Amino acid sequence: MTVRVRFAPSPTGHLHIGGARTAIYNWAFARHHGGAFVLRIDDTDLERSTDENTAAILRSLRWLGLDWDEGPEAGGDFGPYYQTQRTGTYEPALERMKANGHAYPCFCTAETLETKREASRAEGGFSGYDRTCRNLDPSTVAARIAAGEPHVWRVAVPDDRGDIVIDDLVRGETRFPIDAMDDFILVRTDGSATYNFATVVDDWTMAMTHIIRGDDHLSNTPRQVVVYEALGAEVPTFAHMSMIFGADGKRLSKRHGATSVEAYAEEGFLPEAVLNYLALLGWSLDGETTLFDRETLVREFDLSRVSKSPAVWDPEKLEWMNGSYIREMSTDKFVDTMTPWLERAGFATAADVAARRDWFLSLAPLISERVKRFDEVADKVAFLFEEPTIEDSVRVKILEKDGAARALEAAAEVLATVEFHAEEIEAALRTVPEATGVKPKDAFQAIRVAATGTTVSPPLFESLELLGKERTLARMAAALELVTT
RNA sequence: GGCCCGUUCGUCUAGCGGUUAGGACACCGCCCUCUCAAGGCGGAGAUCACGGGUUCGAAUCCCGUACGGGCUACCA
């Protein structure tokens with residue numbers, strides 16, 4: 001049988017880091033086994049679900065490079081792929097369970113249930129439904145329904161079934177005592193399906209073979225198994241992965257900073273880095289390999305190597321990884337990726353980049369090994385696009401230092417006569433320390449501050465080349481004026 | 001309360017009865033060097049949550065405890 005897995009986000013918000021990881025594992029599992037990765041939008045929470053959120057989720061999945069075989073905008077033979085459009089399938093499923101005697105109507109009101117629950121919980125022990133309506137006389141049941149009395153439909157958990165054992169692909173064999181199982185509600189008074197009923201019917205009718213999800217659903221699994229069995233459906237294989245925590249050991253939330261995939265995209269993270277990091281957070285290839293591409297992930301992914309324990313989200317490691325991917329990018333790709341960030345900063349348009357592509361290509365390697373995210377690029381290249389302002393403290397510390405002015409004058413002089421290429425610039429400037437008696441470090445720092453306005457910049461000679469002779473000399477003259485007046 | 005899951009350096013993890021407990025991020029030092037990075041080399045960092053077993057031998061198997069998490073809704 002061919003593998004079919006699904007990712008079923010609820011469009012009540014953007015794609016969350018945790019959801020993204022679940023999607024990645026499902027996707028990798030499907031691709032590894034040559035199966036189908038299905039996307040279903042569980043939008044039954046009408047209050048909070050929005051089309052904007054759905055669109056954002058699709059965008060984020062695509063950004064990560066997770067393509068789905070069936071689902072919104074892809075179609076498929078098992079649709080519809082929006083849960084709100086599948087309500088028609090719950091009714092026949094319920095009929096099927098009724099026919100088997102696996103579902104029964106319950107007329108108990110929410111209030112009486114509440115008081116009963118409190119009472120039994122006070123005594124300690126099982127707090128589930130006491131099955132009052134399970135053994136109602138069939139004729140009275142028929143009469144009450146005919147009279148239009150409000151009721152829900154409950155599952156009749158079999159007494160003779162024995163414990164429910166789940167062979168979880170991540171956690172191994174997990175046993176749930178059957179007598180702790182509640183005759184939970186399948187269909188509400190208003191006729192709508194509850195989560196545990198709806199997902200089972202959806203997953204069953206969509207022919208899912210494996211359910212890979214967060215372990216917050218582990219405790220729901222035995223309930224769902226009961227429904228599968230009552231339906232006469234084949235029970236899929238389950239795999240429950242642990243959650244992602246923040247540094248404080250609490251479930252990851254907004255308090256811990258950016259939690260949506262979109263936010264990481266906007267901060268200048270690369271999709272391949274986010275994918276790699278997320279894949280590694282809770283899964284290991286061999287314990288040694290930390291950097292791997294999409295193809296390797298697909299080839300090597302194995303649920304048995306998914307961690308059972310929760311993982312703490314570590315933004316620093318993600319940044320390191322992103323930096324690593326940036327450094328490995330081709331110069332061309334770096335320029336392309338950098339362009340929108342330059343546009344956003346108002347430094348250059350895509351047309352500017354195209355017009356002077358060679359110049360940007362020589363800029364790229366200077367920047368790529370100095371940033372961990374693309375939102376740092378603008379700051380690093382600013383000196384090339386706008387006139388620097390030298391801070392007082394820097395002026396005092398560097399430009400007014402003994403010999404600095406002398407070095408600047410000498411530098412300006414030699415630079416004026418030279419071809420403006422890094423090698424020539426370097427050769428010329430190397431003569432300055434000896435000629436002036438100023439230490440190389442001090443001389444170069446003075447020139448750096450004059451040219452870039454700061455003490456930290458990309459390599460000096462290359463930076464000057466990019467700046468060009470005219471601007472370099474003008475800035476040096478301006479710096480000299482600053483300290484000599 | 002009941003049921004279920006988890007616990008190896010600060011963090012992510014390897015380990016699946018015999019290892020000097022390995023790797024990665026972060027941290028520290030050295031090298032490189034015009035600053036910052038990047039890179040190279042090295043270092044520190046884990047009584048494997050705790051307590052009992054089983055075994056010649058346990059991070060690895062079993063039981064218990066503690067702590068953390070989940071479920072226990074006419075939420076998903």
Side-chain angles (χ1 to χ4, degrees), chain A residues 8 10 12 42 44-45 47-48 83 106 108-110 113-114 117 120-128 150-154 166 168 170-171 174-177 179-182 184-190 192-196 198-199 214-223 240 242-243 245 247 249-251 277 280-291 305 307-321 323-324 327 366-372 380 398 426 429-430 433 439-449 452 454-461 463:
Chain A
S10 182
T12 53
D42 280 2
T44 43
D45 185 341
E47 297 285 305
R48 297 186 299 145
Q83 200 168 43
C106 171
C108 298
T109 65
L113 290 173
E114 184 56 35
R117 183 159 41 236
S120 58
R121 200 175 285 208
E123 286 172 36
F126 186 63
S127 61
H151 58 280
V152 299
W153 287 88
R154 289 181 181 275
I166 292 154
D168 193 282
V170 170
R171 327 194 86 87
T174 308
R175 182 177 298 269
F176 296 86
D179 48 354
M181 187 74 67
D182 190 16
F184 61 92
I185 293 169
L186 302 167
V187 174
R188 304 186 184 94
T189 309
D190 67 2
S192 64
T194 59
Y195 168 75
N196 280 128
T199 27
D215 76 1
D216 47 338
H217 290 293
L218 185 56
S219 300
N220 282 323
T221 307
R223 277 181 269 280
H240 289 93
S242 58
M243 327 233 67
F245 286 169
K250 299 271 165 48
R251 254 173 102 145
Y277 178 73
L280 204 59
L281 194 69
W283 175 77
S284 63
L285 198 159
D286 55 12
E288 307 280 303
T289 312
T290 55
L291 262 18
R305 294 192 67 88
S307 170
K308 297 183 194 36
S309 50
V312 173
W313 179 254
D314 180 1
E316 288 198 328
K317 189 162 184 175
L318 205 214
E319 291 210 340
W320 162 78
M321 197 172 273
S324 163
R327 274 171 257 129
L366 268 39
I367 304 305
S368 65
E369 71 176 31
R370 291 180 170 72
V371 294
K372 289 179 169 163
K380 291 273 188 294
I398 306 293
E426 174 164 9
L429 291 183
R430 289 283 179 202
K439 281 187 288 185
K441 274 181 194 256
D442 293 337
F444 292 140
Q445 273 304 74
I447 299 165
R448 182 191 316 284
V449 167
T452 71
T454 63
T455 56
V456 174
S457 82
L460 184 59
F461 315 123
S463 296

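Just so it is clear, the model here is predicted, and its values are computed rather than measured. The chains referred to below are lettered A, B, ... by the order of the sequence lines, with proteins before strands, and numbering in each begins at 1.
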Validation row, ring centre Y277(A) to ring centre W320(A) under 6.0 Å: no
On a plain distance test, is the side chain of T189(A) in donor-acceptor contact with the base of rC74(B) below 3.5 Å? yes
Which part of the nucleic acid, if any, lies within reach of P459(A) when heavy atoms closer than 4.0 Å are counted: base, sugar-phosphate only, or nothing? base
Under a 3.5 Å cut-off for both contacts, is rG1(B) paired Watson-Crick or G-U wobble with anything, and if yes, with which nucleotide? rU72(B)
Could you check whether P440(A) gets within reach of a base, just the sugar-phosphate, or nothing at all, counting any heavy atom under 4.0 Å? nothing
Find which nucleotide of RNA chain B each of T44(A) and Y277(A) is nearest to by heavy atoms, and output the residue with the more 5' nucleotide. Y277(A)
Mind checking if T290(A) touches a base, just sugar-phosphate, or nothing, with heavy atoms under 4.0 Å? sugar-phosphate
For a quick check of understanding: with a heavy-atom distance under 4.0 Å over all strands, which category does R48(A) fall into, base, sugar-phosphate or nothing? nothing
For R251(A), the side-chain hydrogen bond (donor to acceptor under 3.5 Å, both in side chains) test, sequence neighbours excluded, returns none
For a quick check of understanding: with a heavy-atom distance under 4.0 Å over all strands, which category does D45(A) fall into, base, sugar-phosphate or nothing? nothing
Closest nucleotide among rA76(B), rU35(B), rG6(B) to the K441(A) side chain: rU35(B)
What's C108(A) touching, base or sugar-phosphate or nothing? Going by heavy atoms closer than 4.0 Å. base
Base rG6(B) to side chain S242(A), donor-acceptor N/O within 3.5 Å cut-off: no
Pick base, sugar-phosphate or nothing for S307(A), based on heavy-atom distances below 4.0 Å to the nucleic acid. sugar-phosphate
Looking at R370(A), I'd like to know whether one of its side-chain N or O atoms comes within less than 4.0 Å of OP1 or OP2 on rG39(B). no
Does one side chain, of N196(A) or T194(A), offer a donor that lies under 3.5 Å from an acceptor on the other? no
Indicate, with a heavy-atom threshold strictly under 4.0 Å, whether F184(A) touches base, sugar-phosphate, or nothing. nothing
